[in-house]
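A short write-up of the structure that comes next.
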There are 2 protein chains.
Amino acid sequence: MPPAAKRPLATDATGRPVRPALTREYIVRAALAILDRDGPAGLSMRKLGAELGVNPMAFYHHLPNKGALFDGVIEAAYAELDVDIDGPDGGWRNILAAFARGLYDVLRRHPHVVPLVATRPAYSPAVLGVADRALGALGRSGFADRDLLVMVNALRSFTIGHVLAETGDPAGGPVPAAADAAVLLGDYPNLARAITGGHRPQEQFEQVLAALLDGFDRWPRRAGT
Amino acid sequence: MPPAAKRPLATDATGRPVRPALTREYIVRAALAILDRDGPAGLSMRKLGAELGVNPMAFYHHLPNKGALFDGVIEAAYAELDVDIDGPDGGWRNILAAFARGLYDVLRRHPHVVPLVATRPAYSPAVLGVADRALGALGRSGFADRDLLVMVNALRSFTIGHVLAETGDPAGGPVPAAADAAVLLGDYPNLARAITGGHRPQEQFEQVLAALLDGFDRWPRRAGT
DNA sequence: ACCTGAACACCGTTCAAGT
DNA sequence: ACCTGAACACCGTTCAAGT
């Protein structure tokens with residue numbers, strides 16, 4: 001990829017770059033910004049150090065290792081996930097749809113973070129808190145707690161899988177950019193026919209989300225709504 | 001991780017290690033075996049060279065770079081996906097379920113490959129062929145071609161997302177092994193209640209698979225079955 | 001307590017050289 | 001054509017030293 005004309009991550013009123021105190025919070029936010037801007041190849045401890053004008057080793061006083069940096073980045077991205085749980089219509093269907101759409105939007109805003117959230121478990125209070133409050137709100141639906149958790153996990157898995165296919169970074173370097181045309185070459189007529197008209201990933205996401213919720217609708221529940 | 005008592009990948013009748021001719025096929029199979037045995041940290045060009053008794057640079061005569069090696073590994077894993085498309089009951093529901101379960105089984109057999117198939121597009125003839133034949137068989141169902149492709153992609157996304165959560169390698173090194181207990185600490189009562197009784201991922205997979213198919217069942221279709 | 005500099009043990013890949 | 005050896009430009013992380 002091209003050098004990409006880097007601007008400093010923060011400047012003061014006169015345009016001079018400014019470096020706030022080195023904290024876990026500040027390091028993690030800078031890491032997320034770099035990941036968004038340059039992708040995974042741009043986020044090394046050394047490059048992060050250069051960007052922040054600091055010796056790369058300084059980070060190890062605030063984070064045990066690079067994995068912890070990744071977990072912080074995941075946390076920072078999840079912090080943008082603000083699902084309106086007690087909105088005007090608190091029906092289970094709306095709550096689950098809002099959760100799935102909220103996650104979808106956050107992940108599409110940070111495509112380079114998707115492979116991280118897809119594979120690293122997130123135990124930050126923010127994530128656990130949202131999940132817990134959502135389950136509480138969903139309790140009024142009459143579904144069993146176990147089933148509610150299965151629903152949330154299913155929506156999470158599908159959404160992540162979908163965004164990975166849509167925009168995820170290829171693990172282990174860019175793909176050879178081949179064969180894409182082979183599909184259209186007539187060797188696979190059924191595939192070719194089904195693909196005509198483009199992909200429209202967002203429409204497909206909504207279509208499958210509705211199907212999933214329709215499926216959940218048939219699961220057993222107590223008196224509730 | 002521990003050194004893990006490595007055996008040679010192939011031996012002759014007397015137990016002496018044997019090295020077949022260096023071909024793309026042989027390199028890729030060895031890479032998959034190492035990935036299965038040692039995980040991603042064990043699969044470097046240098047270690048692969050040591051394992052096969054060959055200079056790491058020799059691989060570059062058969063593969064352009066490590067990304068191509070990964071694509072070969074994906075291909076080798078997908079080759080195990082053998083969905084019985086024209087089985088005794090060729091109804092669309094059975095075909096889609098067989099596809100999802102087949103993919104689920106293959107991925108669980110090669111957990112370290114999951115992050116690769118999740119993020120790198122696979123255009124090998126094997127994959128395209130299966131998809132094309134499946135779409136052909138599903139054509140008798142009366143669903144629109146576009147919708148059939150949406151179904152297959154949805155099952156793929158959900159299955160991959162599910163297996164990632166179940167067994168995937170954390171991208172960027174192992175996770176700090178923390179906080180797991182925090183969930184049970186009573187800070188999140190709804191979560192704690194929903195989790196009691198363990199995870200049983202395979203049951204959840206089947207439960208959600210059924211829900212998805214139930215949802216698809218309501219989509220419009222022509223005369224068909 | 002917080003940051004630095006040198007060093008260690010790795011990477012993928014290029015390139016010139018050998019057969 | 002296929003493989004080798006040395007070299008380049010990187011990594012994450014440890015450790016002793018500075019303030």
Side-chain angles (χ1 to χ4, degrees), chain A residues 1-4 6 18-28 30-31 34-35 38-73 112 115-116 119-120 169-177, chain B residues 1-4 6 18-28 30-31 34-35 38-73 112 115-116 119-120 169-177:
Chain A
M1 65 198 78
K6 307 189 180 180
V18 86
R19 185 174 75 64
L22 211 54
T23 63
R24 197 196 102 105
E25 175 72 12
Y26 176 66
I27 296 167
V28 158
I34 291 178
L35 203 51
D38 299 335
L43 183 57
S44 72
M45 303 302 262
R46 294 164 121 104
K47 284 177 184 160
L48 183 59
E51 190 98 32
L52 300 189
V54 106
N55 187 296
M57 298 307 106
F59 302 132
Y60 289 84
H61 286 271
H62 302 92
L63 296 159
N65 49 42
K66 199 181 181 183
L69 178 66
F70 284 152
D71 290 330
V73 168
H112 299 296
L116 299 181
T119 55
R120 303 186 70 87
D169 289 309
V175 346
Chain B
M1 63 197 80
K6 306 189 180 178
V18 85
R19 185 173 76 63
L22 212 56
T23 64
R24 196 194 105 105
E25 175 71 12
Y26 176 66
I27 295 167
V28 159
I34 291 178
L35 202 52
D38 299 335
L43 184 56
S44 71
M45 302 303 261
R46 295 165 120 104
K47 284 178 185 162
L48 183 59
E51 191 97 34
L52 299 189
V54 107
N55 188 297
M57 297 310 106
F59 302 133
Y60 289 85
H61 287 270
H62 302 91
L63 296 159
N65 50 41
K66 197 180 182 183
L69 179 66
F70 284 153
D71 290 330
V73 167
H112 299 296
L116 301 180
T119 55
R120 302 186 72 86
D169 288 310
V175 345

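Order of the sequence lines fixes the chain letters, A, B, ..., with proteins taken first and strands second; residue numbering starts at 1 for each chain. These numbers were taken from a predicted model, which means no experiment stands behind them.
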**Q.** Residues which pass side-chain hydrogen bond (donor to acceptor under 3.5 Å, both in side chains) with B/His112, listed by chain and number, not counting sequence neighbours
**A.**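 By the side-chain hydrogen bond (donor to acceptor under 3.5 Å, both in side chains) rule, B/His112 matches B/Asp169.
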
Value in whole Å for how far the [atom2] atom of [N] lies from [atom1] of [X]:
X	N	atom1	atom2	result
A/Leu48	D/dT13	CG	P	13 Å
A/Arg46	D/dA9	CZ	P	14 Å
B/Leu43	C/dC11	CG	C1'	12 Å
B/Phe59	C/dT14	CZ	P	16 Å
A/Asn65	D/dT13	CG	P	5 Å
A/Met45	D/dC11	CE	C1'	11 Å

Q.
Quick check for you: to the nearest 0.5 Å, what is the distance between B/Phe59 atom CZ and B/Leu52 atom CG?
A.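 With rounding to 0.5 Å, CZ (B/Phe59) is 5.0 Å from CG (B/Leu52).
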
**Q.** Pairs flagged by side chain to side chain donor-acceptor pair (under 3.5 Å) wherever residues 53-70 of chain B is involved - sequence neighbours left out
**A.**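 Every pair satisfying side chain to side chain donor-acceptor pair (under 3.5 Å) with a residue in residues 53-70 of chain B: there are none.
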
Q. Where do A/Ile34 and A/Gly42 come nearest, in terms of heavy atoms and distance?
A.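 Result for this residue pair: CG2-O, 3.5 Å.
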
Q) Can you name the closest pair of heavy atoms from B/Arg120 and A/Val175 and give their distance? A)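 Shortest heavy-atom contact: NH2-CA, 3.5 Å.
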
Q: Check whether any side-chain heavy atom of B/Leu116 sits under 4.5 Å from a side-chain heavy atom of B/Leu35, and report yes or no.
A: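 Yes, at least one pair of side-chain atoms sits under 4.5 Å.
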
**Q.** Side-chain heavy atoms of A/Val28 within contact of A/Asp71, under 4.5 Å
**A.**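 No, their side chains stay 4.5 Å or more apart.
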
Got a list of protein N/O to nucleotides 1-5 of chain C N/O distances below 3.5 Å?
{"residue": "C/dC3", "atom": "N4", "partner": "A/His61", "partner atom": "NE2", "Å": "2.8"}
{"residue": "C/dT4", "atom": "OP2", "partner": "A/Asn55", "partner atom": "N", "Å": "2.7"}
{"residue": "C/dG5", "atom": "N7", "partner": "A/Asn55", "partner atom": "ND2", "Å": "3.4"}

Q | Phosphate-side-chain proximity, A/Lys47 and D/dC11, N/O vs OP1/OP2 below 4.0 Å | A |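 For D/dC11, OP1/OP2 do have a side-chain N/O of A/Lys47 under 4.0 Å.
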
(Q) Tell me which pairs pass salt bridge (charged side-chain N to carboxylate O under 4.0 Å, His left out) where either residue lies in residues 53-64 of chain A, with sequence neighbours left out. (A)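 Salt bridge (charged side-chain N to carboxylate O under 4.0 Å, His left out) check on residues 53-64 of chain A returns no pairs.
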
Q: Check salt bridge (charged side-chain N to carboxylate O under 4.0 Å, His left out) between A/Arg24 and all other residues, then give those that pass, not counting sequence neighbours.
A: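 For A/Arg24 the salt bridge (charged side-chain N to carboxylate O under 4.0 Å, His left out) partners, ignoring immediate neighbours, are A/Glu75.
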
Q.
Please give the distance between the C1' atoms of D/dC10 and C/dC8 as a whole number of Å.
A.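 Comparing C1' positions in D/dC10 and C/dC8 gives a spacing of 15 Å.
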
(Q) Taking Watson-Crick (N1-N3 plus N6-O4 or O6-N4) and G-U wobble (N1-O2, O6-N3), each under 3.5 Å, can you produce the dot-bracket string of DNA chain C? Use [ ] for crossing pairs and | for inter-strand ones. (A) ||.|||||...|||||.||

